[in-house]
Amino acid sequence: MDLRGRAVLSWNRLQVLLMLFHTMARIMAEQEVENLSGLSTNPEKDIFVVRENGTTCLMAEFAAKFIVPYDVWASNYVDLITEQADISLTRGAEVKGRCGHNESELQVFWVDRAYMLKMLFVKESHNTSKGLEATWRLSKVQFVYDSSEKTHFKDAVSAGKHTANSHHLSALVTPAGKSYECQAQQTISLASSDPQKTVTMILSAVHIQPFDIISDFVFSEEHKCPVDEREQLEETLPLILGLILGLVIVVTLAIYHIHQKMTANQVQIPRDRSQYKHMG
């Protein structure tokens with residue numbers, strides 16, 4: 001083999017080694033995950049952390065429940081009726097994840113991998129009147145469920161694995177560099193591979209940041225959802241109005257007291273002229 005052929009062979013081997021190294025690096029990065037749900041005071045909320053290169057790159061706290069319709073035979077074994085399975089994300093779930101500059105992903109498995117939740121986040125830049133602004137959002141949700149699992153499903157007709165996907169999703173939109181926080185419930189509809197079935201995903205007590213985490217295990221400044229902001233305003237508005245009303249009453253009483261004092265100190269001029277001789 002000539003020198004040129006050997007050089008080409010060596011280059012091909014180097015490319016293969018680089019690809020293997022890159023793949024192994026990605027696999028190792030995906031394995032740097034932690035389930036910290038035991039630290040949560042809310043038994044329904046899970047806490048997941050993805051770390052790459054020894055630093056936190058994705059943090060997620062949330063409670064999730066899935067409402068899954070499925071068919072069972074009626075008592076006559078001729079007709080089909082629709083039942084409903086309520087599946088909650090449980091503690092102790094297995095978690096995987098990966099982080100990127102513009103794309104991050106979180107995967108959660110539970111009940112012996114009978115259920116899997118995948119959440120894909122993207123970061124984008126847009127031209128606005130204020131200039132270039134970057135935001136991140138939840139762009140895709142996938143839920144895989146096994147209707148042959150007996151804890152939640154009872155004699156499902158189409159028992160087996162099914163996949164439910166979101167469609168043109170744009171949720172949890174947040175300015176870049178901030179975390180998203182929302183205590184209120186949010187619903188996302190997922191189209192199932194089980195024909196004519198729609199799975200409903202319910203998220204609550206959400207606090208997520210998939211990009212730009214500055215401090216290890218610490219969320220950046222919160223961007224609250226509109227529902228939480230409105231509820232907070234509804235809670236504080238009566239207090240603000242009460243303070244304003246109290247201030248108005250205090251000012252009114254003060255003015256009245258000053259007016260009474262000034263009136264009492266004024267010399268009363270007698271209207272009856274006969275009283276003038278007693279003055280002076």
Side-chain angles (χ1 to χ4, degrees), residues 37 40-50 56-67 86-89 97 99-106 108 117-143 164-191 198-215 217-245:
S37 302
S40 174
T41 55
N42 183 348
E44 297 181 352
K45 186 169 72 172
D46 291 271
I47 305 174
F48 305 113
V49 176
V50 180
T56 303
C57 59
L58 186 154
M59 289 181 63
E61 299 182 13
F62 59 89
K65 183 172 73 172
F66 301 86
I67 301 175
D86 294 344
I87 304 166
S88 296
L89 177 58
C99 297
H101 181 67
N102 295 316
E103 187 174 292
S104 295
E105 182 178 282
L106 180 69
V108 185
L117 168 64
K118 180 189 291 184
M119 305 172 76
L120 182 66
F121 305 91
V122 296
K123 186 167 66 170
E124 304 165 319
S125 296
H126 304 277
N127 285 315
T128 67
S129 57
K130 299 178 181 178
L132 195 65
E133 291 188 355
T135 59
W136 66 263
R137 62 185 174 90
L138 175 63
S139 63
K140 184 178 180 179
V141 170
Q142 183 180 81
F143 177 59
N165 289 297
S166 59
H167 185 65
H168 297 306
L169 182 63
S170 181
L172 319 186
V173 180
T174 303
K178 293 187 177 183
S179 62
Y180 177 89
E181 185 176 31
C182 192
Q183 296 301 313
Q185 286 190 349
Q186 303 170 82
T187 60
I188 298 174
S189 296
L190 310 174
T198 299
V199 175
T200 301
M201 175 184 180
I202 302 175
L203 286 174
S204 60
V206 176
H207 199 177
I208 293 178
Q209 186 172 358
F211 304 100
D212 306 319
I213 296 178
I214 299 174
S215 301
F217 296 106
V218 179
F219 285 108
S220 299
E221 179 186 353
E222 298 88 0
H223 171 76
K224 292 187 178 295
C225 62
V227 177
D228 279 9
E229 288 184 342
R230 185 166 59 249
E231 289 181 351
Q232 185 177 6
L233 179 61
E234 290 174 354
E235 291 175 357
T236 57
L237 189 58
L239 178 61
I240 294 172
L241 292 176
L243 289 173
I244 293 174
L245 180 61

For Gln186, all residues meeting side-chain hydrogen bond (donor to acceptor under 3.5 Å, both in side chains), sequence neighbours excluded: Tyr180
Residues in side chain to side chain contact (heavy atoms under 4.5 Å, CB included) contact with Asn102, at least two apart in sequence or another chain: Lys123
For Glu222, all residues meeting salt bridge (charged side-chain N to carboxylate O under 4.0 Å, His left out), sequence neighbours excluded: none
Those residues that, when tested against Glu44, pass side-chain hydrogen bond (donor to acceptor under 3.5 Å, both in side chains) (two or more places apart): none
Sequence neighbours excluded, every pair satisfying salt bridge (charged side-chain N to carboxylate O under 4.0 Å, His left out) that has a member inside residues 58-67: Lys45-Glu61
Please list, one pair per line, the donor and acceptor atoms closer than 3.5 Å that link side chains of residues 168-179 to other protein atoms, with sequence neighbours excluded.
unit_1 : atom_1 : unit_2 : atom_2 : d
Thr174 : OG1    : Leu172 : O      : 2.9
Ser179 : OG     : His207 : NE2    : 3.0
Ser179 : OG     : Ser220 : O      : 3.0
Ser179 : OG     : Glu221 : O      : 3.4

Stepwise side-chain contact (heavy atoms from CB on, under 4.5 Å) test for Leu138 and Ile188: CA-CA 11 Å; Leu138 175 63; Ile188 298 174; 4.0 Å; yes
Minimal non-hydrogen separation, Phe219 against Ala60, with atom names: CZ-N, 4.4 Å
Counterpart residues, side chain to side chain contact (heavy atoms under 4.5 Å, CB included), relative to Ser37 (two or more places apart): Asn35, Asp46, Phe48, Arg91
For Cys99 against Ser104, the heavy-atom pair lying closest together: CA-OG, 3.6 Å
Residues that Ile213 engages under side chain to side chain contact (heavy atoms under 4.5 Å, CB included), provided they are two or more places apart: Thr56, Met59, Gln209
All pairs passing side-chain hydrogen bond (donor to acceptor under 3.5 Å, both in side chains) where residues 124-136 contributes a residue, at least two apart: Glu124-Arg137
Which residues share a side-chain hydrogen bond (donor to acceptor under 3.5 Å, both in side chains) with Asn42, sequence neighbours left out: none
Lys118: partners by side-chain hydrogen bond (donor to acceptor under 3.5 Å, both in side chains), with sequence neighbours left out: none
Option passing side chain to side chain contact (heavy atoms under 4.5 Å, CB included) with Val141 (candidates Leu203, Leu117, Leu120): Leu117
Contacts of Thr187 that satisfy side chain to side chain contact (heavy atoms under 4.5 Å, CB included) - sequence neighbours left out: Thr200, Ile202
